[in-house]
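Please read the structure below before turning to the comments.
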There are 2 protein chains.
Amino acid sequence: MSKTLEKGINILTLFTEEKPSWRLDELAIETDIPKPTLHRFLKTFTDLGVLKRPYVQSGGQLVLSDHYLLGHKLIELGAIAANSIEIRSLAIPYMKMLQQKFDLAVQLIVLDETDGLYIEKIESLKPVLLYTRVGRRAPLYAGACSRILLSFQSEEKISEVLQKPRKKYASGTADSDQEIHKLIEFGKKNGYAYSVSELEEGTVSIAVPIFNSDRRVEYSISIAGIESLLPQEKINTFLEGLWETAALISAELGYSMPYPYGV
Amino acid sequence: MSKTLEKGINILTLFTEEKPSWRLDELAIETDIPKPTLHRFLKTFTDLGVLKRPYVQSGGQLVLSDHYLLGHKLIELGAIAANSIEIRSLAIPYMKMLQQKFDLAVQLIVLDETDGLYIEKIESLKPVLLYTRVGRRAPLYAGACSRILLSFQSEEKISEVLQKPRKKYASGTADSDQEIHKLIEFGKKNGYAYSVSELEEGTVSIAVPIFNSDRRVEYSISIAGIESLLPQEKINTFLEGLWETAALISAELGYSMPYPYGV
DNA sequence: AATCGCGTTTCATATATTGGAACGGAGGGG
DNA sequence: CCCCTCCGTTCCAATATATGAAACGCGATT
C-alpha cells in the first residue's frame, strides 16, 4: 500500500457531514501530521479540485479563506461512482412507480462494510425533510433499510456490526444486543423491517430485501415518511407494493427464484 | 505538490461517465505508469473504498472481477462536497417552488474552470430523461445554463473557453466563434439564455443568472424539458418565474441590488 | 503440454517525502 | 506605534518511501 496515498485519502475522510470544514491547524492536531507535510497535501488537493478554499469577504476585500472544503472534483467523481452501481439504473423506474403509488420517499440502500449507504432516492412531493440522502450512511443496526440488510447477512457479519460502538440517534434506536438480535430475526422471518424514530425523531420507514443473482442480499429498498403517513394498520398495503417492487428489481438482477415473501 | 498524490488523483480522473471501468492493463497503457506501480495505487484505493472491484459470476463461482470502478467512498465524499456548497441549501426551496409552478426539471449550475457543473436538480414528474444530472459537466459554450454563466464572465475567461477544442453534442450546438459570441452578447443584454438541442437532441432549456453578494455571477438556474414543453411563445411566462426565483436566491446570497431583469 | 496474457510479488535503487527550523504577515495588546 | 503571538508557508538535509525491472503465478488458448 502506498503510504502517501493512504494518508491523503484519510485526510479527505475527515471531512464529514458534521465537520465539513477544516483549517490546516486543526488537521495537524487531529492527524498528528506535521504542518509542512499537511500543507503539501492540502495544496495538491486544492490544485486538483479535490479540496477548495472558498473566498470570503474581509473588509470589502475578497480573500481566500483558510478553511478547506471538499471540492467540485469530488461531486463529479461521486456522481460517476453512483452511476457505476449496476442496480441503480435498473431500479430507478421501479422506484418511481412505487413513489407514485404511495407518494412517499423511496430509498435504495447498498451494504457497505458495517453500514448501509443510500445510493438512490426518489423524493415524495410532500416537502418533508428526512434523514435519508444519497451518499449518507447509516449503521446496519439502525433504521429499517439498514437492518433488513443485516437480517440477511452471516452470523460473523452480525457480530462484527454489534461489536462496534453504537449510537442512540433518536428515541426509537435499539440499544441492547438482545433487542437488536430480536429485530434481525423478525426481518429474516417476515421479510421486512419496520422502524419508528430510529435514525430521526418522528420518521417511520418500511424496508424489504432485494436478492442478487447469487441469492445474497446486498441491497434493500424502503419507503419513509413522517409518522402519520405510515400507520401500522396500513402496513400490508405498503408491503404489497414494496415486495412487488423488490421482486421486480431482484428479477432484473438475475435472481431466478420466486420472491420469497408476499401478502 | 505531492507527486504521488497527484498521480493517484489523476488515475481517478480517468474514470468518467463514458469510461467508468478500467483494467490495470488499460490504465498502464493510458498513463505510462508501470504495472507494479499502478498495482500498488489500485490496491491502496481499493482497500480504502475509493475504487472497487465488483464480483462477477464465472462458471458458477463468484470471483473478483479485474475491472475497477469508482467506489462507495466517493459517493459519500461527493454528497458531502455537494452539501458544502453554500448556495445549495438556500436555493433548494425556491427550486422546488419553481418546479411546482411549471412541472419542469429545475437545475442549479456552478461555474467550475471552463465548465458548468450541475450541483442540484429538482426532477419533473414527467418521466423524461435529460442530459442534466447532479455531478455532470457541460462546457460553458453549450447549453443555456452554462452559457448564461459565460455571458457574465470577463473577456479573458471567454477567450479561454473559446480557445479550448469544442464538440458538437447535438444539432443545436453552436460551433463558430462568431455565433457563440453573439449568443453570449444576447445573454448579457437580455438576462437569459435559451437553448434548443444544444447538449441533447430535442431538449430545450432556459437559464438565468444568479448574483453573488459581490455581484459576480458564479451560479445559474435553469428549467429544461423536451421541446414541446417549452414553446418559444410562452417564454415570457417562464422568464417571469425564473427571474423571480433567481432574484430571491441572489438576495439570500447577499446581493443587495434589485435584480436587474424583469418581464 | 507448451505458450500467451495479465495480474502480482520481490527487492535493490533512486527519489520523493519528511519535518525541524526559520520566515512572514495578519491581528491583538500594551 | 511597536512588539508579540499565532498560523500558514518556505527551505532543505536526512531518510523513509516509491519505483519498476525481473521474475513468478495462474488461467485461458492453441
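Remember, predicted model here, so these are calculated numbers, not experimental data. FYI, side chains are in, hydrogens and waters are out, and symmetry mates aren't considered; it's all heavy atoms of this structure. Order of the sequence lines fixes the chain letters, A, B, ..., with proteins taken first and strands second; residue numbering starts at 1 for each chain.
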Legend entry - Interatomic distance where CG belongs to A/Asp32 and P belongs to C/dG19 [whole Å]: 10 Å
Inset, instruction - Using only heavy-atom distances, determine whether the side chains of A/Thr114 and A/Lys164 contain a donor-acceptor pair under 3.5 Å. - result: yes
Inset, instruction - Evaluate the side-chain proximity of A/Ile87 to A/Ile119: yes if any heavy-atom separation is below 4.5 Å, no if none is. - result: yes
Legend entry - A/Gln107 vs A/Ser222, side-chain hydrogen bond (donor to acceptor under 3.5 Å, both in side chains): CA-CA, chis, key distance, verdict: CA-CA 5 Å; A/Gln107 286 85 215; A/Ser222 78; 2.9 Å; yes
Any ion pair linking [Y] and [X] (charged N to carboxylate O, less than 4.0 Å)?
X: B/Asp112; Y: B/Arg137; answer: yes
X: A/Arg136; Y: B/Glu76; answer: no
X: A/Asp177; Y: A/Arg166; answer: yes

Quick one: is [N] close enough that its OP1 or OP2 comes under 4.0 Å of any side-chain N or O from [X]?
X: A/Lys7; N: C/dT18; answer: yes
X: B/Thr4; N: D/dT17; answer: no
X: A/Lys3; N: D/dT17; answer: yes

Inset, instruction - Identify, between A/Met1 and A/Asp66, the residue whose nearest nucleotide on DNA chain D lies closer to the 5' end. - result: A/Asp66
Legend entry - Nearest-nucleotide 5' precedence on DNA chain D, A/Leu5 against A/Tyr68: A/Tyr68
Legend entry - Member of B/Lys96, B/Arg133, B/Arg88 meeting the salt bridge (Lys or Arg N to Asp or Glu O under 4.0 Å) criterion with B/Glu120: B/Arg88
Legend entry - Interface with DNA chain C, restricted to residues 37-55 of chain A and to heavy atoms under 4.0 Å: A/Thr37, A/Arg40, A/Phe41
Inset, instruction - Kindly state which residues belonging to residues 21-30 of chain B come within less than 4.0 angstrom of DNA chain C, counting heavy atoms of the residue only, listed by number. - result: B/Arg23, B/Leu24, B/Asp25
Legend entry - Check: A/Phe152 ring centre within less than 6.0 Å of A/Phe211 ring centre: yes
